[in-house]
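Counting convention: from 1, in listed order, for ligands and their atoms alike.
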Amino acid sequence: MPAYSEKVMDHFMNPRNVGEIPDADGMGSVGNPVCGDMMAFYIKVDDGRLSDVKFKTFGCGAAIAVSSMVSEMAKGKTLEEAKGITNADVAEGLDGLPKNKLHCSNLGADALHKAIEDYESRTQEA
Ligand code: FES
(Lines give C-alpha, C1' and ligand atoms only; values in the text may rest on other atoms or scores of the structure.)
Protein backbone atom coordinates (compact mmCIF):
# COMPACT_ATOMS: atom_id res chain seq x y z
CA MET A 1 0.00 0.00 0.00
CA PRO A 2 1.36 3.43 -0.89
CA ALA A 3 2.33 5.68 1.98
CA TYR A 4 -0.25 8.43 2.38
CA SER A 5 0.43 11.58 4.35
CA GLU A 6 -1.54 12.17 7.52
CA LYS A 7 -3.41 14.96 5.77
CA VAL A 8 -4.52 12.65 2.97
CA MET A 9 -5.72 10.09 5.51
CA ASP A 10 -7.54 12.77 7.49
CA HIS A 11 -9.36 14.16 4.43
CA PHE A 12 -10.14 10.65 3.25
CA MET A 13 -11.54 9.52 6.60
CA ASN A 14 -13.34 12.82 7.34
CA PRO A 15 -13.99 14.48 4.01
CA ARG A 16 -15.23 18.08 4.29
CA ASN A 17 -18.09 19.48 2.26
CA VAL A 18 -19.42 16.22 0.81
CA GLY A 19 -22.75 16.45 -0.95
CA GLU A 20 -24.70 18.38 -3.52
CA ILE A 21 -26.04 21.91 -3.58
CA PRO A 22 -29.51 21.53 -5.07
CA ASP A 23 -29.78 25.20 -6.15
CA ALA A 24 -26.11 25.54 -7.06
CA ASP A 25 -25.02 28.58 -9.06
CA GLY A 26 -22.53 26.43 -10.94
CA MET A 27 -21.71 22.75 -11.39
CA GLY A 28 -18.78 21.03 -13.03
CA SER A 29 -17.85 17.40 -13.39
CA VAL A 30 -14.88 15.63 -14.84
CA GLY A 31 -13.91 12.02 -15.39
CA ASN A 32 -10.38 10.75 -14.97
CA PRO A 33 -9.17 9.26 -18.26
CA VAL A 34 -6.62 7.14 -16.38
CA CYS A 35 -9.04 5.21 -14.19
CA GLY A 36 -12.57 6.33 -15.12
CA ASP A 37 -13.30 7.83 -11.70
CA MET A 38 -15.64 10.85 -11.54
CA MET A 39 -15.77 14.04 -9.55
CA ALA A 40 -18.47 16.74 -9.44
CA PHE A 41 -18.30 20.16 -7.78
CA TYR A 42 -21.19 22.45 -6.86
CA ILE A 43 -20.71 26.10 -5.99
CA LYS A 44 -22.72 28.98 -4.57
CA VAL A 45 -21.52 32.48 -5.37
CA ASP A 46 -22.22 35.58 -3.28
CA ASP A 47 -20.70 38.94 -4.06
CA GLY A 48 -18.08 37.36 -6.31
CA ARG A 49 -16.99 34.89 -3.64
CA LEU A 50 -17.55 31.17 -3.29
CA SER A 51 -19.89 31.14 -0.32
CA ASP A 52 -20.36 27.38 -0.50
CA VAL A 53 -18.57 24.51 -2.20
CA LYS A 54 -19.65 20.89 -2.16
CA PHE A 55 -18.55 17.81 -4.05
CA LYS A 56 -19.40 14.25 -4.90
CA THR A 57 -16.59 11.93 -5.85
CA PHE A 58 -16.97 8.45 -7.22
CA GLY A 59 -13.37 7.46 -6.94
CA CYS A 60 -10.47 6.23 -4.90
CA GLY A 61 -9.46 7.47 -1.47
CA ALA A 62 -6.88 9.85 -2.87
CA ALA A 63 -9.52 11.41 -5.14
CA ILE A 64 -11.85 11.89 -2.16
CA ALA A 65 -9.06 13.52 -0.14
CA VAL A 66 -8.23 15.75 -3.12
CA SER A 67 -11.86 16.87 -3.52
CA SER A 68 -12.12 17.59 0.18
CA MET A 69 -8.93 19.67 0.09
CA VAL A 70 -10.09 21.59 -3.01
CA SER A 71 -13.40 22.41 -1.35
CA GLU A 72 -11.62 23.76 1.73
CA MET A 73 -9.13 25.76 -0.31
CA ALA A 74 -11.86 27.27 -2.49
CA LYS A 75 -14.46 28.20 0.11
CA GLY A 76 -14.56 31.94 0.77
CA LYS A 77 -12.21 32.71 -2.12
CA THR A 78 -13.05 35.12 -4.93
CA LEU A 79 -13.73 33.55 -8.32
CA GLU A 80 -10.36 34.78 -9.57
CA GLU A 81 -8.52 33.33 -6.58
CA ALA A 82 -10.32 30.00 -6.94
CA LYS A 83 -9.44 29.88 -10.63
CA GLY A 84 -5.82 30.20 -9.63
CA ILE A 85 -5.87 26.99 -7.53
CA THR A 86 -3.88 24.38 -9.42
CA ASN A 87 -3.77 20.62 -9.14
CA ALA A 88 -0.20 20.97 -7.91
CA ASP A 89 -1.38 23.34 -5.12
CA VAL A 90 -3.87 20.72 -4.02
CA ALA A 91 -1.31 17.91 -3.94
CA GLU A 92 0.98 20.22 -2.00
CA GLY A 93 -1.81 21.12 0.42
CA LEU A 94 -2.14 17.42 1.16
CA ASP A 95 1.61 17.15 1.82
CA GLY A 96 2.03 15.22 -1.40
CA LEU A 97 0.59 12.07 -2.87
CA PRO A 98 2.34 8.83 -3.72
CA LYS A 99 3.66 8.95 -7.30
CA ASN A 100 1.29 6.34 -8.62
CA LYS A 101 -1.62 8.33 -7.18
CA LEU A 102 -0.67 11.70 -8.62
CA HIS A 103 -3.15 11.29 -11.46
CA CYS A 104 -5.88 11.31 -8.82
CA SER A 105 -5.04 14.91 -7.97
CA ASN A 106 -5.57 15.99 -11.57
CA LEU A 107 -9.33 16.16 -11.26
CA GLY A 108 -9.93 18.34 -8.25
CA ALA A 109 -8.99 21.78 -9.47
CA ASP A 110 -10.28 20.97 -12.97
CA ALA A 111 -13.75 20.12 -11.65
CA LEU A 112 -13.81 23.28 -9.52
CA HIS A 113 -12.77 25.41 -12.50
CA LYS A 114 -15.50 23.82 -14.61
CA ALA A 115 -18.08 24.73 -11.97
CA ILE A 116 -16.85 28.34 -12.07
CA GLU A 117 -17.03 28.36 -15.89
CA ASP A 118 -20.57 27.03 -15.64
CA TYR A 119 -21.48 29.84 -13.24
CA GLU A 120 -19.93 32.42 -15.54
CA SER A 121 -21.72 31.13 -18.62
CA ARG A 122 -25.04 31.23 -16.72
CA THR A 123 -24.52 34.80 -15.54
CA GLN A 124 -23.48 35.96 -19.00
CA GLU A 125 -26.73 34.66 -20.47
CA ALA A 126 -28.80 36.41 -17.81
FE1 FES B 1 -9.05 7.08 -10.01
FE2 FES B 1 -7.60 7.77 -8.01
S3 FES B 1 -7.65 5.81 -8.94
S4 FES B 1 -8.93 9.01 -9.13
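Side chains of Asp10 and Asn14: a donor on one and an acceptor on the other come within 3.5 Å. Residues Ser51 and Asp46 bring a donor and an acceptor atom of their side chains to less than 3.5 Å of each other.
Contact check for Met69 versus Val90: side-chain heavy atoms found under the 4.5 Å cut-off.
Residue Cys104: an N/O/S atom is found under 2.8 Å from atom 2 (Fe) of ligand 1.
Of all the listed residues (Cys60, Gly108, Ala63), Cys60 holds the heavy atom that lies closest to atom 2 (Fe) of ligand 1.
Nearest N/O/S atom of Asp37 relative to atom 1 (Fe) of ligand 1: this is OD2.
A salt bridge links Glu120 with Lys83; the closest basic N to acidic carboxylate O contact falls under 4.0 Å. Taking 4.0 Å as the cut-off between side-chain N and carboxylate O, Asp52 and Lys75 count as a salt-bridged pair.
Residue contact check: Cys35 has heavy atoms under 4.0 Å from atoms 1 (Fe), 3 (S), 4 (S) of ligand 1. Each of the following atoms of ligand 1 lies closer than 4.0 Å to a heavy atom of Asn32: 4 (S).
In this structure, Met39 has no heavy atom closer than 4.0 Å to ligand 1.
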